[in-house]
Amino acid sequence: MKPNARVAQRIEELLREQLEELGVNIKKLTPDEISANMKCHIGPDNSLSYFWKNRAILDVVPETTENGTNWRMFTKEDTI
């Protein structure tokens, strides 16, 4: 089970928002900077945890329902 294109787009939007909140100018980021500083850990349940410079910024958790999979997203503000 992988996020579909719509979910992936929302994940990207949330990552951009979180980086902006950290004071990162995302328009000036190079692919090398993103590669060096953004990490994604995939859990055994296919959950995704995104880190920027080792700081947790977004968790994405699959939730299986009778109608399919819902992807719940939690930013750092949601976990405080």
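Here the closest non-hydrogen pair linking Val61 and Phe74 is CG2-CE1, 4.1 Å. Nearest heavy-atom pair across Ala8 and Pro3 is N-CB, 4.4 Å. Across all non-hydrogen atoms, the minimal contact from Asp45 to Pro62 is O-CG, 3.0 Å.
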The test is salt bridge (charged side-chain N to carboxylate O under 4.0 Å, His left out); show your working for Glu20 and Arg16 and say whether it passes. CA-CA 6 Å; Glu20 288 174 350; Arg16 288 176 186 268; over 6 Å; no
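Within the 4.5 Å cutoff, no side-chain heavy atoms of Lys2 are placed close to those of Val7. Within the 4.5 Å cutoff, the side chain of Met73 has heavy atoms near those of the Ile11 side chain. A 4.5 Å side-chain heavy-atom check between Asp59 and Tyr50 finds every atom pair outside the cut-off. The shortest distance between side-chain heavy atoms of Asp32 and Ile34 does not fall below 4.5 Å. Counting only heavy atoms from C-beta outward, the side chains of Glu21 and Ile57 never approach each other to under 4.5 Å.
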Extract all donor-acceptor atom pairs below 3.5 Å that involve side chains of residues 36-44 and protein atoms in other chains or at least two apart in sequence.
from	atom 1	to	atom 2	distance (Å)
Asn37	ND2	Glu33	O	2.9
Lys39	NZ	Ser35	O	3.1

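For CG of Asn54, the number of neighbouring non-hydrogen atoms (other residues, nucleotides, ligands) closer than 6.0 Å is 12 at most.
To the nearest 0.5 Å, the span separating CH2 on Trp52 from CG on Leu19 amounts to 5.5 Å. Between the CD atom in Gln18 and the CG atom in Leu58 there is a gap of 7.0 Å [rounded to 0.5 Å].
Defined by atom type and a distance below 3.5 Å, a donor-acceptor pair is missing between the side-chain atoms of Asn67 and Thr65.
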